[in-house]
Amino acid sequence: MLPIRVVMLVDLDYFYAQIEEIRNPSIKDKPVVVCVYSGRTKDSGVVSTANYIARSYGVKSGIPIVLAKKKLEDIDSVFLPMNHDFYKEVSDRVMRILKTFAGNLEQEGIDEAYLDVTVRTDENFDKAGLLGMEIKKAVKEQEGLSCSVGIGPNKLVAKIAADIKKPDGLTVVRPDEVEQFFGPLPVDRLLGVGKKTSEKLAEMGIVTVSDLANYDVKSLVGCFGKGLGSYLHDASRGIDQDPVEDRGDSESISRIATLKEDTRDLATITEKTDRLCEDVYAKLKQRGVSFKLIGVVAVMKDLSILTRSKTLNDAVNDPSLLKSEVDELFKKLVKETDKEVRRAGVRVSCFVEERGQQKQLTSFLK
Ligand code: DGT
Ligand code: CA
């Protein structure tokens with residue numbers, strides 16, 4: 001039996017436009033369109049988002065402002081410029097509210113977050129539904145915003161569940177309902193299936209997620225390569241092992257990858273984590289920061305998740321040190337379990353701005 005996880009996606013409804021409605025309730029009953037004006041001519045630019053009244057006239061994200069105006073011709077509607085800094089402030093406050101309800105919270109964009117609520121709900125999806133209602137109430141009372149919530153056994157299912165009923169929705173998909181829920185959906189509802197992939201799938205006679213689930217995995221790998229092929233196979237069955245990663249206000253850098261085989265062999269793990277460490281280091285360099293906390297995450301063969309971390313007494317920035325510390329953490333982690341590791345991840349956080357000089361290795365704690 002796989003370990004149970006309860007994952008929730010909270011997605012704020014028509015986010016920028018809803019904030020504008022709260023700032024000025026008198027516009028609430030009209031079409032509201034938030035625009036990114038390019039400044040070239042009076043109406044050049046695109047629609048960032050629109051409230052649901054405007055959407056009922058065919059106005060949506062990404063269309064030219066000129067086209068939106070045409071769709072709303074003769075209708076008393078409101079066009080406003082985007083005010084990103086203000087939306088970000090509201091977003092930060094909402095994320096703080098959400099954090100109080102979650103074990104881990106992973107922010108995904110300005111108006112969405114995944115919450116791992118496994119412990120909080122005692123692995124119980126009925127309790128998760130009630131918690132979802134409680135969260136919606138808190139966000140409404142404290143910020144005046146409505147949101148849509150999806151609950152499932154992983155991020156993939158939670159995300160699609162949240163999209164099922166919008167705005168102001170709440171959809172719970174229990175583990176035994178995943179197949180029934182996923183099966184009839186068109187394949188392009190799965191994350192990562194864009195126009196090109198869905199066209200290729202259609203040529204193969206695969207239109208719905210259940211068509212995909214019934215397709216031979218070897219043939220999928222043959223057509224799409226190992227990465228995408230096995231992803232499609234797993235996703236069609238509602239399988240997703242990605243942990244909800246608490247990135248602490250984007251103040252961390254992390255990478256995770258699947259090992260070439262499930263293993264307890266440290267050399268195989270190191271081969272992968274060395275590469276991850278190099279990616280992490282490249283990002284650290286870009287941001288010009290040193291780190292004080294190193295963490296590793298392992299998704300085990302049975303999909304349970306283990307983490308280990310180490311705090312340094314001073315910030316450092318050294319790729320070989322990062323690699324050896326990650327090795328140590330994995331060594332400990334593997335010793336403390338009898339399971340095989342399927343995916344391995346590396347994370348650094350607690351950043352300190354670099355001042356040109358690298359710290360001594362000796363500043364590293366044992
Ligand atoms: P929803 O969740 O369907 O009720 O509607 P939104 O507006 O919250 O849409 P979502 O969650 O896809 O995006 C969140 C915010 O990101 C949205 O309020 C505005 C911005 N945004 C989304 N799509 C676009 C786009 O195509 N262009 C620009 N400039 N901004 C976008
Ligand atoms: Ca949204």
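Counting starts at 1 for both ligands and their atoms, in listed order.
Here is the list of ligand 1 atoms found below 4.0 Å of a heavy atom in Leu12: 2 (O), 8 (O). Listed by atom number, the atoms of ligand 1 under 4.0 Å from Tyr52 heavy atoms are 1 (P), 3 (O), 4 (O). Residue Asp13 has at least one heavy-atom neighbour below 4.0 Å for each of these atoms of ligand 1: 4 (O), 8 (O). In summary, the atoms of ligand 1 found under 4.0 Å from a heavy atom of Gly62, numbered by their order in the structure, are 26 (O). Residue Tyr14 has at least one heavy-atom neighbour below 4.0 Å for each of these atoms of ligand 1: 1 (P), 4 (O), 5 (O), 6 (P), 7 (O), 8 (O). Which parts of ligand 1 touch Asp11 is read off a 4.0 Å heavy-atom cut-off, strictly below it: atoms 2 (O), 11 (O).
Inspection of the Gln18 and Tyr52 side chains reveals no N or O donor paired with an N or O acceptor under 3.5 Å. Gln241 and Arg343 share no donor-acceptor pair across their side chains, judged by distance under 3.5 Å alone.
Any N or O atom pair closer than 3.5 Å counts here, and Ile110 shares no such pair with ligand 1. Checked against a 3.5 angstrom limit, the closest N/O atoms of Phe15 and ligand 1 fall inside it.
Among residue pairs with one or both ends in residues 179-189, none qualify as side-chain hydrogen bond (donor to acceptor under 3.5 Å, both in side chains); sequence neighbours excluded. Pairs passing the salt bridge (Lys or Arg N to Asp or Glu O under 4.0 Å) check and including a residue from residues 31-45, sequence neighbours excluded, read Asp43-Lys69.
When every heavy atom of Cys147 is checked against every heavy atom of Val10, the shortest pair comes out as SG-CG1, 3.8 Å.
Residue Glu340 holds its CD atom at 10.5 Å from CG of Asp265, rounded to the nearest 0.5 Å.
Within the structure, ligand 1 has Arg55 among the residues with a heavy atom less than 4.0 angstrom away. Within the 4.0 Å heavy-atom cutoff, Tyr87 does not count among the residues contacting ligand 1.
Glu106 pairs with exactly one of Arg347, Lys159, Lys155, Lys99 by the salt bridge (Lys or Arg N to Asp or Glu O under 4.0 Å) rule, that one being Lys155.
For Lys339, the side chain to side chain contact (heavy atoms under 4.5 Å, CB included) partners two or more places apart in sequence, or in a different chain, are Met300, Asp302, Ser304, Thr337.
Closest to atom 11 (O) of ligand 1 by heavy atom, among Asp111, Thr49, Asp163, is Asp111.
Taking the charged nitrogens against the carboxylate oxygens, Asp92 and Lys88 do have a contact shorter than 4.0 Å, which makes a salt bridge. One finds no salt bridge joining Glu336 and Lys332 here, because no Lys/Arg side-chain nitrogen approaches an Asp/Glu carboxylate oxygen to under 4.0 Å. Note on Arg264 versus Asp338: no salt bridge recorded, every NZ/NE/NH1/NH2 to OD/OE distance being 4.0 Å or above.
Judged by distance alone, with hydrogens and angles left aside, the side-chain atoms of Asp168 form no donor-acceptor pair with the main-chain N or O of Ser146 at under 3.5 Å. Using modelled atom types, one side-chain atom of Asp211 and one backbone atom of Thr208 make a donor-acceptor pair closer than 3.5 Å.
Ring pair Tyr16/Tyr87 is parallel by interplanar angle, where below 30° counts as parallel and above 60° as perpendicular.
Here Glu108 has no heavy atoms under 4.0 Å from ligand 1, in either its backbone or its side chain. Of all the heavy atoms of Lys166, the ones lying under 4.0 Å from any atom of ligand 1 belong exclusively to the side chain. Contacts between Val46 and ligand 1, counted as non-hydrogen atom pairs separated by less than 4.0 Å, are absent for every part of the residue.
Taking atom 30 (N) of ligand 1 as the reference point, the nearest protein heavy-atom neighbour is Ser48 OG, 3.0 Å. Taking atom 18 (O) of ligand 1 as the reference point, the nearest protein heavy-atom neighbour is Tyr16 N, 3.1 Å. The single protein non-hydrogen atom nearest to atom 29 (N) of ligand 1 is Val36 CG2, 3.5 Å, given as residue, atom name and distance.
Of all protein atoms, those of element N, O or S that lie under 3.0 Å from the Ca ion (ligand 2) number 3.
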